[in-house]
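Here the structure is laid out as structure tokens; the discussion comes afterwards.
Note: hydrogens, waters and symmetry copies are ignored here, and every other heavy atom, side chains too, is used. The structure presented is a predicted model; accordingly, all values stated were derived computationally and were not measured.
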Protein chains: 2
Amino acid sequence: MESPTPTPQAAREQPAREQPAREQAATDAGTVGARVRALREERGLSLSTLARLAGVGKATLSGLENGTRNPTLETLYAVTAQLGVPLTAALSGPAATPTVRGAAVSATLLEVFTEAGATYELYRMRVAPGVGQLSPAHQPGVTEHVTVFAGQLRAGPVDAPLTAGPGGHLRWTSDVPHGYAAIGDEEVWASLLLRYPRR
Amino acid sequence: MESPTPTPQAAREQPAREQPAREQAATDAGTVGARVRALREERGLSLSTLARLAGVGKATLSGLENGTRNPTLETLYAVTAQLGVPLTAALSGPAATPTVRGAAVSATLLEVFTEAGATYELYRMRVAPGVGQLSPAHQPGVTEHVTVFAGQLRAGPVDAPLTAGPGGHLRWTSDVPHGYAAIGDEEVWASLLLRYPRR
DNA sequence: CTTCGCCGTTCCGTTTACGGAACGCTGGCG
DNA sequence: CGCCAGCGTTCCGTAAACGGAACGGCGAAG
């Protein structure tokens, strides 16, 4: 349980799976196909018709829907565009928001902003009461900004933590080890903004 | 026009968006590649390292980032998974969400949180330079919380405005007339959190 | 019953995305 | 200096995704 942080790095810190794990790439192959098929049938379109409208081969669309092919981005876009939905609609279900979880912290990525000088990632974060969670240092210059909605949060560098209640705002540079913990027995709701300066 | 504020109600009143606003289709190969590259670089990873971690060839990742290849879903998934972001983060922002526009302010509703005592609405807000924008008073007890990502923002009650730069945070009670304006000629990017107490 | 049109799947040759192995470049070090 | 380690790009043979053209199945019309 040492995947500690709500940040994406948490995933990376898992040392490695050398195994090129391709079996689980099927995560999407079948699921995406089923979703595309559902979207098509909702509209009363036949496979042949959609293939023609989208400008792809029937074999391609058939294989895509059945999960027997591994579509390219171009193919997927041609199909979803013709269905009138954004590509993301085919990739993630109605409410399948991707979440990073740790011992105490559960964070959902809402937005990624890319600016000239920095990249921002905006998360909605929940911190469960009872246990704390530590995160190792990030790259130099990275800062974290937390706005608390509910509960009492203690967060920041391990040697100088900060606290905030509803409406409160915290900020620290996260190039040192830092942690998150809920004070009391109420779950903390907050937004977490990470700023990665361009290097 | 008289809907000056990014007030949430306006957004919610959109009854039905038949058309899932398409504008943000970041679906061409070049844009996706640039996003992946940004995500990689903000983590301080080299192309070679990421390719090895993700179990894809360097040639594949190079071509993907440069937009000279048309990646497979499997490839894209392997890379984004290793970056710790959902596939949708590389393809675009979150699915089309209602946007409220005014003279200077453009706000996109990201999330709505319903608590026992209050409702929160989280927006991504942009304030164009050159012109300001006023908003009439909200109901009593409503508070606004702004975190600035980029630019210099002046906002708050018209008779006592506050200012903040990148990383800065503003808070005021919005049951009085208040306004937003960018200082200088740089567009302001910020997150806006509105808190509506239960009545 | 036969014919027709359209359905979704399968076959097949072509195109191309794939990974591994080069390549040239740069920066650190003895 | 040369050497080396790591960077990102390019080359190349292979695997597979591609579109077009078959195929069998099924309901409606003749």
Side-chain angles (χ1 to χ4, degrees), chain A residues 12 15-83 87 90-91 114 119 139-140 196 198-199, chain B residues 27-83 87 90-91:
Chain A
R12 170 164 47 97
R17 1 212 313 278
E18 336 279 78
Q19 303 298 39
R22 75 185 53 255
E23 76 287 345
Q24 51 127 353
T27 301
D28 293 27
T31 308
V32 170
R35 230 166 244 140
V36 168
R37 174 158 288 174
L39 288 167
R40 172 173 66 80
E41 291 177 346
E42 280 173 17
R43 289 159 176 70
L45 286 173
S46 73
L47 187 149
S48 308
T49 305
L50 178 57
R52 179 172 42 79
L53 290 174
V56 307
K58 290 164 62 173
T60 301
L61 184 53
S62 174
L64 160 60
E65 289 192 355
N66 290 326
T68 61
R69 281 199 193 179
N70 171 24
T72 64
L73 196 57
E74 185 179 17
T75 298
L76 205 51
Y77 178 68
V79 172
T80 56
Q82 197 52 234
L83 288 170
L87 227 170
L91 294 174
T114 303
T119 301
Q139 298 284 319
Y196 298 88
R198 178 90 50 223
R199 302 155 48 76
Chain B
T27 28
D28 64 283
T31 308
V32 173
R35 283 218 179 91
V36 169
R37 174 158 288 176
L39 287 167
R40 171 173 67 79
E41 289 179 345
E42 85 193 19
R43 287 160 175 71
L45 286 173
S46 72
L47 186 150
S48 308
T49 304
L50 177 58
R52 180 172 41 81
L53 290 174
V56 307
K58 290 164 60 173
T60 301
L61 184 54
S62 174
L64 160 60
E65 289 192 355
N66 290 325
T68 62
R69 278 199 194 178
N70 170 25
T72 275
L73 195 56
E74 184 180 16
T75 298
L76 207 50
Y77 179 74
V79 172
T80 57
Q82 197 54 232
L83 288 170
L87 245 173
L91 295 173

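When distances run from any side-chain atom of Asn70(A) to the nucleotides dC11(C), dT10(D), dA17(D), the shortest one goes to dA17(D). The side chain of Arg40(A) approaches dG8(C) more closely than any other nucleotide in the set dT10(D), dA17(C), dG8(C). Candidate nucleotides dT9(D), dC7(D), dG20(D) were compared by shortest atom distance to the side chain of Ser48(B), and dC7(D) ranks first. Listed nucleotides dG19(D), dC18(C), dG8(D) differ in distance to Thr60(A); the shortest reach to its side chain belongs to dG19(D). Looking at the side chain of Arg69(B), the nearest of the listed nucleotides dC18(C), dC18(D), dC11(C) is dC18(C).
The separation between Leu64(B) atom CG and dG8(D) atom P is 14 Å, rounded to whole Å. Taking atom CD on Glu65(B) and atom P on dT9(D), their separation rounds to 7 Å, with Å as the unit. Atom CG in Leu73(B) sits about 11 Å away from atom P in dC18(C), given to the nearest Å. Protein atom CG of Leu76(A) is 13 Å distant from nucleotide atom C1' of dA17(D), rounded to whole Å. Rounded to a whole Å, the CG atom of Leu53(B) is 16 Å from the C1' atom of dG19(C). dC23(D) atom C1' lies 15 Å from atom CG of Leu47(A), rounded to whole Å. At whole-Å resolution of the value, CD in Glu74(A) and P in dA16(D) are 20 Å apart. Between the C1' atom of dG8(D) and the CG atom of Leu61(B) lies a distance of 10 Å, rounded to the nearest Å.
With hydrogens and angles disregarded, no donor-acceptor distance shorter than 3.5 Å links the side chain of Thr72(B) to the backbone of Thr75(B). Thr80(A) contributes a side-chain N or O that, together with a main-chain N or O of Leu76(A), makes up a donor-acceptor pair within less than 3.5 Å.
Thr49(A) has a side-chain polar atom (N or O) that falls below the 4.0 Å cut-off from OP1 or OP2 of dC7(C). Side-chain nitrogen and oxygen atoms of Ser62(B) include none within less than 4.0 Å of the OP1 or OP2 phosphate oxygen of dG8(D).
Pairing each heavy atom of Leu64(B) with each of Arg69(B), the nearest pair is N-CB, 4.4 Å.
If you check every strand for non-hydrogen atoms under 4.0 Å, Ser46(B) touches sugar and phosphate atoms only. If you check every strand for non-hydrogen atoms under 4.0 Å, Arg52(A) touches nothing.
Nucleotides of DNA chain D nearest to Arg37(B) and Thr72(B) differ in position, and the one nearer the 5' end is that of Arg37(B). Closest-nucleotide positions on DNA chain C for Gly57(B) and Gly63(A) were compared, and the one nearer the 5' end corresponds to Gly63(A). Nearer the 5' end of DNA chain C, as judged by each residue's closest nucleotide, is the contact made by Thr75(B), out of Lys58(B) and Thr75(B).
Side-chain contact between Leu47(B) and Arg37(B) is present, with heavy atoms from C-beta onward closer than 4.5 Å.
With rounding to the nearest 0.5 Å, the separation of CG in Leu50(B) from CD in Glu65(B) is 7.0 Å.
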